[in-house]
Amino acid sequence: MLEVRNINTFYGNIQALHNVSLKVNEGEIVTLIGANGAGKTTTLMSICGVVPPRSGEIIFNSEPIHRLPPHKIVAKGIVQVPEGRMIFPELTVMENLDMGAYLRKDKEGIKKDLEYIFELFPRLAERKNQLGGTLSGGEQQMLAISRALMARPKLLLLDEPSLGLAPLIIKQIFEIIVKINREHKTTILLVEQNAHQALRIADRAYVMESGRITMEDKAENLLNNEKVKKAYLGL
Ligand code: ATP
């Protein structure tokens, strides 16, 4: 579904990504793990066109997308939930969700997706008229994921969904990610510093260090890999 081929991405003169290649097959959860500053966010930003690569290719459903502006990439079905959630604090939960569906015209489909989201996150249904900014951190993450789902993504890019949340909420968020993948048939590329949880739910994984992919394997193999255990799992 998605193939990133040898991309090199820069911030001004600073090269953040070096020949990064990765693949996400339809139906998979793929995770990208690595330390702070390894280049995980930049990889997502390159895929969604916010920080386009200077060289290399990004192919989505057999079509090159690395020269497209971000809104065209969203229209192709790649939707990102950015780090730090970035919901609209001055808009209500409902208005935030409507923003997610702004490219869509299928009223019936939108209604169905809203029902699905409120089933997935009953807390959001209870708070649908509340301002986004008044929600707890976990609820804001739920809202950010829901807003992305309202765009009916084929590929959902999640940047550190567990960041700054309490352990119990983190557990819920990871369970929801699996549900979205299985029930909502959404392919997922998940960036996480919480390597343990991410590897437990992912099919395959990539490890990033200093802007390069240094390992790739089935997630369960990486969970048992001595190097990964030491460097990322604290074991
Ligand atoms: P984090 O978990 O902190 O987001 P990361 O693995 O996602 O880490 P990136 O945010 O992609 O890492 O950063 C990769 C490198 O690019 C780092 O060296 C970082 O300092 C640099 N970088 C990131 N954003 C910018 C920017 N806007 N301008 C200049 N350099 C940046």
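Both ligands and their constituent atoms are indexed starting at 1 by order of listing.
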Q) Any ion pair linking E175 and K171 (charged N to carboxylate O, less than 4.0 Å)? A)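 Between E175 and K171 there is a salt bridge, with a charged N closer than 4.0 Å to a carboxylate O.
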Q: Salt-bridge test for D113 and R152: reply yes if a basic N is under 4.0 Å from a carboxylate O, no otherwise.
A: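 So D113 pairs with R152 through a salt bridge.
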Q.
Among L143, L131, V93, N96, which residue satisfies the side chain to side chain contact (heavy atoms under 4.5 Å, CB included) criterion with F88?
A. N96
Does any donor atom in the side chain of [X] or [Y] lie under 3.5 Å from an acceptor atom in the other side chain?
X: Q15; Y: T9; answer: no
X: E192; Y: T31; answer: no
X: T42; Y: Y11; answer: yes

Q: Would you check ligand 1 and list the protein residues that come within less than 4.0 Å of it by any heavy atom, ordered by chain and number?
A: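 For ligand 1, the contacting residues are Y11, A16, A35, N36, G37, A38, G39, K40, T41, T42, E83, E160, Q193.
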